[in-house]
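Quantities reported herein were computed from a predicted structural model and do not represent experimental measurements. Counting convention: from 1, in listed order, for ligands and their atoms alike.
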Amino acid sequence: MEHSMDKKKERKIMMEEPSKKSVPILPWMRSPIDVSIYEDCPLETLPCLDSRLKVPLQNMGISSLFPVQVAVWQETVGPGSFERDVCINSPTGSGKTLAYALPIVQTLSKRAVRCLRALVVLPTRDLALQVKEVFAAIAPAVGLSVGLAVGQSSIADEIAELIKRPKLEAGICYDPEDISQELQSAVDILVATPGRLMDHINTTKGFTLEHLCYLVVDETDRLLREAYQAWLPTVLQLTRPNHEIHFPCVNTFLPSTFGSLKTIRRCGVERGFKDKPYPRLVKMVLSATLTQDPSKLAQLNLHHPLFLTTGESRYKLPEKLESYKLMCESKLKPLYLVALLKSLGWEKCIVFTSSVESTHRLCTLLNFFDDLKIKIKEYSGLQRQSVRSKTLKAFREGEIQVLVSSDAMTRGMDVEGVRNVINYDMPPYIKTYIHRAGRTARAGQTGRCFTLLRKVEVKRFKKQLLKADTNSCPVHTLPSELIDSHHPIYLSALEKLKDTIESEASRKRKIGFKYSKMGKGK
Ligand SMILES: Nc1ncnc2c1ncn2[C@@H]1O[C@H](COP(=O)(O)OP(=O)(O)OP(=O)(O)O)[C@@H](O)[C@H]1O
């Protein structure tokens with residue numbers, strides 16, 4: 001009996017061992033640069049900053065750099081240089097976008113000829129648009145042009161933005177071969193989503209990565225989780241030093257363009273870094289929850305990586321974030337949410353649910369509470385991109401106060417003035433909690449995250465928060481009158497919801513039937 005108990009204990013320990021994730025497994029992760037020892041640095045005292053960049057930065061409301069930006073600047077531009085790949089793990093809202101955008105723009109400002117030298121990859125279109133705005137705010141000041149490849153417009157329009165065609169004189173017959181030799185990049189920096197990036201790599205004449213100096217993989221852990229037509233191995237393959245390319249199809253789908261200009265990735269061995277070509281493509285990878293999984297990081301083929309992280313804990317919440325739990329009965333959950341929204345008044349707020357379907361149901365239900373008098377819309381992967389972008393714009397502009405969202409809104413989205421985040425459904429992982437909560441308390445501002453919990457979820461939630469080194473999550477209570485007073489309207493709202501969902505389902509069935517009949521007729 002004792003023996004089997006021991007065995008059980010032993011097994012338990014063995015099972016627990018792999019989850020001790022606080023100790024990074026990779027040697028280069030064990031001695032990181034601690035960003036928390038840095039302080040804000042005013043632009044006037046920032047070493048090496050190109051004076052042309054000061055005005056656009058000031059126009060963005062930036063008078064000093066945040067700690068993560070100072071740390072990255074120091075390791076890349078002044079007094080350091082882009083010798084090594086950089087991995088950044090820094091809390092949500094800490095300013096990671098500018099941390100990479102500024103050094104890249106400053107370094108590329110010395111380029112003599114326009115060609116595609118920096119590629120920034122993000123997992124979603126809205127995120128890519130947001131990052132493009134940051135580059136577009138600073139890059140033109142030093143003569144750099146920024147492009148976007150996200151599928152927002154037709155591929156033809158996108159190509160017209162990205163590739164400069166030679167001026168053709170009327171009446172002269174040109175050999176198409178000659179024209180494709182003359183195609184040039186119209187941008188120095190490209191912000192892209194993996195799908196559209198692959199479209200351009202595979203089909204756009206004149207699109208080449210052969211001159212690429214910087215590759216940024218933002219929201220790394222999310223991008224590494226999904227392979228997206230093998231975009232990463234393809235990019236790494238296409239940017240390898242010339243002698244290393246054994247990629248038979250490269251030359252077929254990637255015509256070597258740009259006239260006589262060629263970027264020769266010299267094959268000389270960098271001292272101390274065995275077999276690594278120099279100069280080489282510099283990679284910058286970032287997340288608020290950067291993976292420490294060696295097999296995942298191996299996909300990036302990092303070169304002598306430099307790891308920057310904030311503090312000792314692996315996961316960190318923004319300093320001025322307050323977390324609260326709201327205990328509620330399952331059946332009455334929507335009522336608790338209504339009461340909470342009512343108590344928050346007109347403050348901008350994002351409500352997260354666990355799926356696109358529940359996002360739709362919850363948003364529909366909330367809109368039946370007439371007396372809420374708050375503009376509420378949904379934002380989820382179930383909607384068309386154009387609808388989502390319109391909703392996001394209205395939310396940014398304050399026309400909408402509450403956004404009910406699936407995890408489509410979880411990562412990276414930066415909307416000014418979001419004061420509250422509500423987890424209507426408990427996040428499944430601590431990483432999800434960090435990214436959701438991180439839509440508020442950004443850039444040193446205060447913010448609150450409320451999580452609606454059923455009794456059975458409390459223990460799991462507490463464990464989850466401990467992983468982020470926090471156990472401060474007091475209970476938030478609402479006056480019971482506020483909940484009770486909405487009960488009658490809740491019952492009628494539930495009835496209306498049932499009718500709406502039924503009529504939507506029948507409409508979908510009819511459309512499906514129509515299309516299947518059309519298909520048969522063909
Ligand atoms: N030096 C600065 N001074 C003032 N505001 C800044 C500064 N740097 C960035 N910001 C602002 O801080 C906000 C957060 O920046 P950013 O979106 O880059 O954060 P992040 O670390 O990438 O967050 P996430 O992990 O959620 O993607 C933005 O609104 C940005 O304009």
Side-chain angles (χ1 to χ4, degrees), residues 35-36 38-46 49 53-54 56-74 86-106 120-124 126-138 191 216-223 284-291 308-310 315-321 348 350 352 392 395-396 405 407-419 421 430-447 449 468:
V35 171
S36 60
Y38 286 81
E39 286 184 356
D40 287 11
C41 175
L43 294 183
E44 293 75 46
T45 54
L46 190 68
L49 179 67
L53 290 168
K54 275 188 193 150
L57 284 169
Q58 280 157 356
N59 291 343
M60 289 167 80
I62 289 166
S63 54
S64 52
L65 292 196
F66 286 162
V68 68
Q69 297 160 351
V70 180
V72 177
W73 183 263
Q74 206 157 80
V86 186
C87 295
I88 301 160
N89 184 56
S90 165
T92 51
S94 58
K96 292 187 286 298
T97 315
L98 197 66
Y100 62 79
L102 194 59
I104 288 177
V105 167
Q106 159 109 3
V120 184
V121 186
L122 290 122
T124 66
D126 285 330
L127 265 181
L129 277 161
Q130 190 178 289
V131 167
K132 195 235 171 185
E133 291 295 304
V134 175
F135 274 100
I138 53 174
V191 183
V216 179
V217 185
D218 202 342
E219 298 296 350
T220 310
D221 42 340
R222 161 90 193 269
L223 277 171
M284 300 181 83
V285 304
L286 311 91
S287 176
T289 54
L290 191 71
T291 180
L308 287 87
T309 188
T310 307
Y315 301 121
K316 219 169 161 34
L317 290 160
E319 236 163 66
K320 292 190 184 160
L321 176 84
K348 246 189 213 173
I350 304 175
F352 284 105
L392 186 59
F395 188 51
R396 284 194 198 284
S405 177
D407 279 326
M409 188 75 192
T410 300
R411 278 178 182 261
M413 294 309 299
D414 184 61
V415 178
E416 207 188 329
V418 174
R419 300 278 300 114
V421 164
I430 183 60
K431 284 190 177 194
T432 323
Y433 184 86
I434 285 175
H435 289 285
R436 284 184 184 179
R439 295 319 100 210
T440 185
R442 299 176 71 73
Q445 305 282 307
T446 57
C449 179

Residue pair T432, F352: steps toward the side chain to side chain contact (heavy atoms under 4.5 Å, CB included) verdict
CA-CA 10 Å; T432 323; F352 284 105; over 6 Å; no
Between the side chains of D218 and R411, is the shortest nitrogen-to-carboxylate-oxygen separation below 4.0 Å, so that they form an ion pair?
no
Paired with D221, the side chain to side chain contact (heavy atoms under 4.5 Å, CB included) test is passed by just one of L290, V285, T291, namely T291
Tabulate below the donor-acceptor pairs under 3.5 Å that side-chain atoms of residues 56-72 make, not counting sequence neighbours, or state none.
unit_1 : atom_1 : unit_2 : atom_2 : d
Q69    : OE1    : F66    : N      : 2.8
Q69    : NE2    : G95    : O      : 2.9

Distance alone, cut at 3.5 Å: any donor-acceptor contact between the side chains of T309 and N89?
yes
Go ahead and list the nitrogen or oxygen contacts between ligand 1 and the protein that come in under 3.5 Å, distances to 0.1 Å, or just say none.
unit_1   : atom_1 : unit_2 : atom_2 : d
ligand 1 : 1 (N)  : S64    : O      : 2.8
ligand 1 : 1 (N)  : Q69    : OE1    : 3.1
ligand 1 : 8 (N)  : Q69    : NE2    : 2.8
ligand 1 : 17 (O) : R442   : NH2    : 2.9
ligand 1 : 18 (O) : K96    : N      : 3.4
ligand 1 : 18 (O) : T97    : N      : 3.1
ligand 1 : 18 (O) : T97    : OG1    : 2.7
ligand 1 : 19 (O) : G95    : N      : 3.3
ligand 1 : 19 (O) : R442   : NH2    : 3.4
ligand 1 : 21 (O) : S94    : N      : 3.2
ligand 1 : 21 (O) : G95    : N      : 3.1
ligand 1 : 21 (O) : K96    : N      : 3.0
ligand 1 : 21 (O) : K96    : NZ     : 2.9
ligand 1 : 23 (O) : G93    : N      : 2.8
ligand 1 : 23 (O) : R442   : NH2    : 3.1
ligand 1 : 25 (O) : K96    : NZ     : 2.7
ligand 1 : 26 (O) : R439   : NH1    : 3.1
ligand 1 : 26 (O) : R439   : NH2    : 3.0
ligand 1 : 26 (O) : R442   : NH1    : 2.8
ligand 1 : 26 (O) : R442   : NH2    : 3.3
ligand 1 : 29 (O) : D414   : OD1    : 3.2
ligand 1 : 29 (O) : D414   : OD2    : 2.6

Does K348 make a cation-pi contact with F395, if we ask for NZ or CZ under 6.0 Å from the ring centre and within 45° of the axis?
yes
